[in-house]
2 protein chains.
Amino acid sequence: MAAVKPGQKPKKDRGATRVQDPDGTRRNILEIASKEFALNGLSGARIDEIAAQTRFSKRMIYYYFGDKEGLYLHALENAYRQVREGEARLDIEGLPPVAALTRLVEFTFDHHHLHEEFIRMVMIENIHHGVYLEQSDVIRELNVTAIDHIARVYARGVEDGKFRPGLDPVELHWQVSALCFFNVSNRATFSKIFGRDIGAPDQLERLKRNTVDMVLRFASKAEVLGE
Amino acid sequence: MAAVKPGQKPKKDRGATRVQDPDGTRRNILEIASKEFALNGLSGARIDEIAAQTRFSKRMIYYYFGDKEGLYLHALENAYRQVREGEARLDIEGLPPVAALTRLVEFTFDHHHLHEEFIRMVMIENIHHGVYLEQSDVIRELNVTAIDHIARVYARGVEDGKFRPGLDPVELHWQVSALCFFNVSNRATFSKIFGRDIGAPDQLERLKRNTVDMVLRFASKAEVLGE
DNA sequence: GACAATGTACTAACTGGTTAGTTTAGTCAA
DNA sequence: TTGACTAAACTAACCAGTTAGTACATTGTC
């Protein structure tokens with residue numbers, strides 16, 4: 001973890017040629033590894049292949065990440081961190097509830113599409129029954145906040161009389177996730193079976209509208225829908 | 001020449017002890033292989049391990065299925081076939097549209113839960129970008145009929161004035177699939193992150209009700225919802 | 001000099017696939 | 001009915017390529 005220990009200075013002063021750069025090395029390895037794991041899975045990814053794409057030797061992978069599973073775990077954490085950091089930038093507090101929920105769903109939809117690598121890592125981790133995610137406190141912490149967003153919007157909506165009471169924010173989040181996750185995760189099989197590319201821009205637009213529609217209709221009071 | 005071809009049944013007259021049983025062998029191998037691939041993925045599964053669990057030697061896997069990928073493809077086809085055969089038994093033609101759609105969603109929800117192995121195979125195949133599914137005409141054929149069911153129910157509902165017009169049956173099928181698939185496929189990560197087991201019976205019941213609710217609210221005319 | 005960072009060259013174990021052979025059971029001529 | 005013959009079904013042992021992981025040497029920096 002700590003490539004630079006407390007006593008030492010991160011040697012970034014002198015403009016001299018920097019050949020040794022632990023942080024850069026780690027980042028470079030992790031970046032390549034993330035790509036390879038997302039593409040081929042844990043058992044499918046090859047350490048030699050990862051090393052070859054790196055600017056460093058295989059030895060450095062073991063030096064910094066211990067073993068293959070350690071590298072995978074870091075790649076998994078990395079994927080979650082990147083995505084959740086992106087999500088944290090979404091600001092919907094100022095919007096009225098219906099608009100806020102709309103925005104939230106649209107954002108989730110787009111975001112998942114932009115981060116296919118993340119989706120694939122989550123799929124892979126589920127294939128492994130989540131045993132690596134389980135080892136990471138980091139990931140759990142990152143995610144719990146995701147619920148807060150939707151919970152607050154929903155609470156405001158109930159107060160407003162726009163949303164029906166009695167729904168569970170976690171379940172709402174769950175439904176939104178399901179709708180947005182699936183069309184990235186299952187794009188290949190679905191497209192091939194039904195002969196239309198789910199990922200094509202026009203399809204995406206339709207799908208997004210439907211998804212927003214579905215969530216809003218689910219959360220809204222019946223009276224409000226007629227408006 | 002060939003007295004008994006692998007796919008055919010040998011003459012079954014004489015009550016003699018049949019030690020050689022090609023069909024049984026194939027079935028035995030395929031059954032074990034399906035389990036192993038669903039559990040560990042294509043690259044994660046081990047031919048030696050599959051063979052060990054079989055009543056036969058490793059050589060027989062190659063004898064009947066050519067290579068690892070051939071075995072995987074057969075396992076994939078097998079998974080789709082089993083599941084679609086189960087679905088075909090669902091009869092909702094006689095029910096009124098709303099009840100029929102309810103039944104269809106409930107069925108899909110339960111069915112996915114009962115066939116986790118199938119869900120995992122689909123996930124794995126998506127990790128592989130569907131390249132194996134692509135090679136199988138069998139699978140495509142099996143699936144297209146799935147649309148017919150929902151298309152007919154929807155059409156009847158529109159006629160009845162219960163469902164709003166303009167929806168695409170494939171998209172409807174898609175939404176239902178998403179909601180029902182996700183809570184099996186992502187059960188591990190979701191449960192671990194949010195600390196509640198999605199697969200627990202009471203959670204399942206709630207989730208199923210919500211899912212049905214969501215689909216019905218999506219398909220129904222606004223006026224109907226108020227009833 | 002000390003220690004962190006990195007490369008080279010290696011190995012032990014694994015793993016998909018094959019070779020070379022045996023057993024089973026159906027066929028058919030005599 | 002028998003025994004030689006054959007194709008199919010099947011096994012044990014092996015092989016060659018791969019792959020995760022290491023020992024050790026070297027270089028850079030404080």
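Every chain is numbered from 1, with letters handed out A, B, ... down the list of sequences. All values derive from a computational prediction rather than experimental measurement.
- Residue B/A45 is in sugar-phosphate contact alone, with no base atom involved, counting any heavy-atom pair closer than 4.0 Å across all strands shown.
- Side-chain polar atoms of A/E125 and B/T189 form no donor-acceptor pair below 3.5 angstrom.
- Side-chain atoms of B/K68 stay outside donor-acceptor range of the base of C/dG17, with no qualifying N/O pair under 3.5 Å.
- For A/R55 and C/dT6, a side-chain-to-base donor-acceptor distance below 3.5 Å is absent, hydrogens and geometry of angles not being considered.
- The CD atom of A/E49 sits 11 Å away from the P atom of D/dA20 (whole-angstrom rounding).
- Between the side chains of B/H113 and B/R187, no donor N or O sits under 3.5 Å from an acceptor N or O.
- Not one side-chain nitrogen or oxygen of B/T25 sits closer than 4.0 Å to the OP1 or OP2 atom of D/dA9.
- The base of D/dA12 lies outside donor-acceptor range of the side chain of B/K58, with no N or O pair under 3.5 Å.
- Cation-pi geometry between B/R140 and A/F194 is not satisfied (NZ or CZ under 6.0 Å from the ring centre, within 45° of the ring normal).
- Aromatic rings of B/F37 and B/Y72 (six-membered ring for Trp) have centroids within the 6.0 Å cut-off, being under it.
- When rounded to the nearest whole Å, the span between CD1 of A/I47 and C1' of C/dC14 equals 15 Å.
- One atom, OH of A/Y64, and another, C1' of D/dG21, lie 18 Å apart when rounded to the nearest Å.
- Residue A/R46 places none of its side-chain N or O atoms closer than 4.0 Å to OP1 or OP2 of D/dT18.
- Looking at the side chain of B/Y63, the nearest of the listed nucleotides C/dT6, D/dA20, D/dA9 is D/dA9.
- Taking atom OH of A/Y62 as the reference point, atom C1' of D/dC24 lies 17 Å away to the nearest angstrom.
- The separation between B/D48 atom CG and D/dC14 atom P is 15 Å, rounded to whole Å.
- One can place CD1 of B/I61 at 14 Å from P of C/dT15, the figure rounded to the nearest angstrom.
- In this structure, A/N186 contributes its side chain and B/N126 its backbone to no donor-acceptor pair below 3.5 Å.
- Look at A/R59 and you won't find any side-chain N or O under 4.0 angstrom from OP1 or OP2 of C/dT8.
- If you measure from atom CE of B/M60 to atom P of C/dG16, you get 18 Å, rounded to the nearest angstrom.
- Rounding to whole angstrom units, CZ of residue B/F56 and C1' of C/dT22 are separated by 16 Å.
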